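Predicted model only: the values in this text are computed from it and were never measured. Numbered from 1 within each chain, the chains take letters A, B, ... in sequence-line order.
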Amino acid sequence: MKKDLLSIDDLSADEIYRVLDTAEAMREIGERPIKKVPTLRGKTVVNLFYEPSTRTRTSFEIAEKRLSADTLNIAVQASSVQKGETLADTAMNIEAMSPDMIVIRHSSSGACNLLSRICKSRIINAGDGLHEHPTQALLDAFTIKQHKPSIEGLKVAIVGDLLHSRVLRSNVLLLTKLGAHVFVSGPPTLVPRGIEQLGVTVATVDDAVRDADVVMMLRIQQERMQGAFFPSLREYYNLFGMTTERVSRAKPDVIIMHPGPMNRGVEIASEVADGPYSVILEQVANGVAVRMAVLYLLAGGVENEAAA
Amino acid sequence: MKRLLKGGRVVDPANGRDGVFDILIDGDRIAKVGVNLQAEEGTVVVSMPSGLVITPGLIDMHVHLREPGQEHKETVATGVLSAVTGGFTAVACMPNTSPVNDNAGVTQFILKKAADANLARVYPIGAVSIGQKGDQMAELGELKEAGCVAVTDDGHPVRTALLMRRALEYTRMFDMPVIEHCEDPTLKGDGVAHEGMVASKLGLRGIPGEAESIMAQRDIALAEMTGGRVHIAHMSARQTLDAVRYGKSRGANVTCEVAPHHFILTDALLAAPVPYDTNTKMNPPLREAADRDAMLQGIVDGSVDVIATDHAPHHYDEKHVEFDRAPFGITGLETCVPLCLDRLVHSGLISFSRLIELLSVNPARILRLPGGSITEGAPADLTILAPDLHVKVEAKTMKSKSKNTPFDGWELRGGVAATIVGGRTVYNNAAVNLAI
C-alpha cells in the first residue's frame with residue numbers, strides 16, 4: 001500500500017481486495033463481547049474535520065478505538081478558517097506532535113493532497129470537496145460483496161447529483177477497476193462534463209436501473225446547490241426519485257444503497273429506503289470494519305494478523 | 001557614445017530583414033543599419049559571435065506589476081528587472097492595482113517608479129471604468145494624456161455591453177484599444193479549472209471555454225458596430241479563436257494575444273505530476289489538448305497577433321493553500337523566450353521572423369508604441385537572443401519577487417543573451433558572456 005489513502009487511484013485491484021478481506025476479519029471483532037484488540041496500541045490518530053460530519057467521524061473514531069489507537073478529534077469551524085491559520089500551518093503544527101495518522105475531511109478538493117505533501121504522517125481522506133471519499137467506496141464494495149458472489153460483471157446504477165458527489169467519483173473508480181458495469185444517471189445539469197471518459201455509461205434513470213444488480217442513490221446535497229440545477233424537489237422526485245415502481249425494473253435480487261444522510265421523499269421513497277432490498281444500514285455497520293482495515297493496513301499490518 | 005554591433009544575424013520583420021547586418025547605435029538611438037559599416041574613431045565595436053540573433057526589443061503587452069498596493073507580490077522595480085532578464089525592453093502593465101489605475105495620479109506614480117528603476121520601458125494601461133467596477137467610465141482622455149496606451153478592466157470583462165460599446169466609441173478619439181478579459185461571469189461562476197474530464201475527476205468546479213468565447217463574441221460584434229479597436233487578452237479557448245477569425249473576416253478591428261502556458265500546457269497538469277498544484281491555476285484556466293492545439297494553429301496561420309505572458313506574480317503564502325482558495329495566475333516574463341524558442345521555433349512551427357512579429361512588431365503596432373523595428377532614428381531597444389543556449393528554468397533564482405511558475409525545472413533550448421534599452425545594456429546573461 002502507498003503511504004496515504006487519498007484516492008481510490010492509490011489502490012490496485014489487489015489492494016482493494018486486500019482491504020475487503022481484512023475488513024471481513026475486522027467485522028468479527030465488532031461481534032465480540034469485548035470489541036477491542038491491541039493492534040494499534042501506542043499509535044496516535046488525529047481526526048481533522050473541517051466539515052461537519054456525524055456518520056464518517058463517528059465511524060472512524062469507533063474503528064480507531066476498537067484497534068486501541070489513541071484518537072484525537074479536531075473540528076474546525078469553516079468560519080474560523082477565514083481568519084485563522086492556513087491548512088498548511090495547521091498541518092505542520094499537528095505534524096510537530098508526531099501523530100501516526102491523520103484522517104481529514106475538508107470542503108476543498110485536493111486538501112488531503114496538500115496535507116500529504118507536508119506531513120510524514122499517513123493521511124486518510126475522509127472526503128475532500130467534490131473529489132473523493134475512498135473509504136465510502138470501499139465500504140460500499142464490501143457491502144456489495146456480502147450480497148453478490150462477485151463485483152465483476154455486475155450492473156451498478158448510480159443515480160442523483162453526480163456533479164457534487166465525491167462518493168460518485170470514488171465509487172466509479174473502484175467499481176470500474178473491479179470490472180463492474182457502471183451506469184450513472186441524473187439531471188443533465190448535474191452530470192459532470194467528460195464523466196463518460198472515466199468508463200461509465202450516462203443513461204436515463206430507467207435505462208440505468210433496468211436489470212441492475214445494485215442501485216446506489218446519491219444525496220441531493222441541498223447545501224451545495226448554488227444555482228437552479230433543477231426546478232424543484234417535487235419535480236426531482238418525480239423524475240429521479242427511487243420509488244418502488246422504479247425499483248421493480250431492476251433485478252429481483254437488487255440491493256439499494258445510499259451513503260447517507262438520506263433525504264426521504266427527495267431522492268428515495270421511504271418504502272424503498274426501509275424496504276427488503278435496502279442495505280443502507282448494513283453500509284453504516286460495514287463502515288467501521290472497513291475503516292479498521294484501512295487504518296490497520298496503512299499502519300503496516302498484514303491481513304492474517306488482523307484479528308489476533 | 002557610439003557602439004557598432006558587427007556581423008550579427010538581425011531579424012527585423014518590420015523592415016523585411018533577416019540576415020547579417022551591422023547596427024550602429026548612437027547614444028539612445030539607432031544611427032544606421034547596413035552591411036559592412038565602418039567604425040569611426042571612438043566607436044566601440046562589438047563583434048557578434050555567430051549563433052546570436054539581434055531583434056527589435058521584445059514587448060510584453062500584458063503584465064501585472066502589482067504596484068501600487070501589492071508590493072509583497074511584485075514592485076515596478078522587481079517587475080522591470082524580471083522583464084529585462086527575460087529579454088523584454090518594454091512591458092504594458094494592467095490597472096488592477098490597489099488603488100486601481102483609473103486616474104492620472106496612479107499612472108504618474110507608476111511611471112515615476114519605472115523611471116526610478118530605469119530598466120525596461122513601462123507603458124501603463126488604464127481602467128475602462130472607475131475602480132474597474134463597470135459602472136462609470138474613467139477619464140480616459142486624462143489617462144491617455146498621463147501616458148496610458150490602452151484601457152481595460154482586466155481581471156474582469158467590461159461589465160455591461162453598453163459600457164463596452166461606449167468605451168469602444170469613446171477611445172476612437174484617442175486611437176487606443178480596449179483590451180478585454182473575456183469571461184461571462186455567470187458561466188464562470190466560482191469555477192477554478194477548465195470544465196472537462198480532468199476537472200470532473202478532480203472534483204474542481206469548471207469554467208467552460210464558452211465563458212470566454214461568448215464574451216469575445218459580444219465584444220467583437222461591438223467593435224464591428226462602433227469601429228473601435230478591441231484586443232482580446234490571454235485567449236485560451238478554441239471557440240474564442242473562431243470568434244476572432246470571424247471578426248477579422250468581417251473587417252472588425254479585433255486583435256488577440258495568447259500566453260505561452262495556453263499554447264504549451266493542458267489541464268492534464270492539474271492532476272499530475274503534482275495533483276492540485278496551485279501553480280497550474282490561472283484565469284483563464286489551462287484547457288484541454290484541442291484548445292492548446294488550436295492556439296498553436298492560430299500562431300502558425302496568423303490568426304494570433306501577439307504572444308503576451310499575463311505575468312501574474314503571487315506570494316508563496318498565497319499559493320500555498322487549498323487549490324480552490326489559491327489566487328489565479330503565474331509569472332511569465334522570465335520563461336517566455338525559452339518556451340517560445342523551444343516550442344515554436346526549434347520545433348519548426350514558425351520562423352524566427354514570425355516569432356518577432358508576435359513578441360515585438362504587433363504589440364508595438366497595437367499599442368502604437370515607438371518600438372517593434374530596428375529603424376534608423378528609432379530608440380535603440382534591442383534584444384539579443386541566444387537560440388541554442390541550454391536553459392534550465394529555476395524558479396528560486398528568478399528576478400521576479402514571486403516564484404509561482406509551473407515551468408520550474410524545465411530544460412529548454414533558447415534564451416536571452418542581452419537586453420538593450422535606449423542604447424544601454426540593461427541585462428547581460430553571464431551564461432553567454434557577450435562583451436557588450
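To the nearest 0.5 Å, the span separating NE2 on B:H320 from CG on A:D89 amounts to 7.5 Å. Remark: A:N113 CG to B:E322 CD distance equals 11.5 Å, nearest 0.5 Å.
Closest heavy-atom contact between B:D324 and A:S107: OD2-O, 4.3 Å. For B:Y276 against A:R117, the heavy-atom pair with the smallest separation is O-NH2, 3.8 Å. Looking at every heavy atom in both residues, A:L114 comes nearest to B:V321 through CD2-C, 3.7 Å.
With a 4.5 Å cut-off on non-hydrogen atoms, A:I118 touches chain B through its side chain but not through its backbone. Contact annotation for A:L163: neither backbone nor side-chain heavy atoms come within less than 4.5 Å of a heavy atom of chain B.
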Which side-chain N or O atoms in residues 194-201 of chain B pair as donor and acceptor under 3.5 Å with protein atoms at least two apart or in another chain?
residue: B:H194; atom: ND1; partner: B:R287; partner atom: NH1; Å: 2.9
residue: B:H194; atom: NE2; partner: B:E288; partner atom: OE1; Å: 2.7
residue: B:E195; atom: OE2; partner: A:R193; partner atom: NE; Å: 3.1
residue: B:S200; atom: OG; partner: A:R193; partner atom: N; Å: 3.4
residue: B:S200; atom: OG; partner: A:R193; partner atom: O; Å: 2.5
residue: B:S200; atom: OG; partner: B:G196; partner atom: O; Å: 3.1
residue: B:K201; atom: NZ; partner: A:D9; partner atom: OD2; Å: 2.7

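Within 6.0 Å of CZ in B:F328 there are more than 12 heavy atoms belonging to other residues, nucleotides or ligands. Heavy atoms of other residues, nucleotides or ligands lying less than 6.0 angstrom from NZ of A:K177 number more than 12. Counting heavy atoms of neighbouring residues, nucleotides and ligands inside a 6.0 Å radius, atom NZ of A:K3 exceeds 12 of them.
Inter-residue side-chain proximity for B:L204 and A:S109 is flagged as met; some heavy-atom pair is nearer than 4.5 Å.
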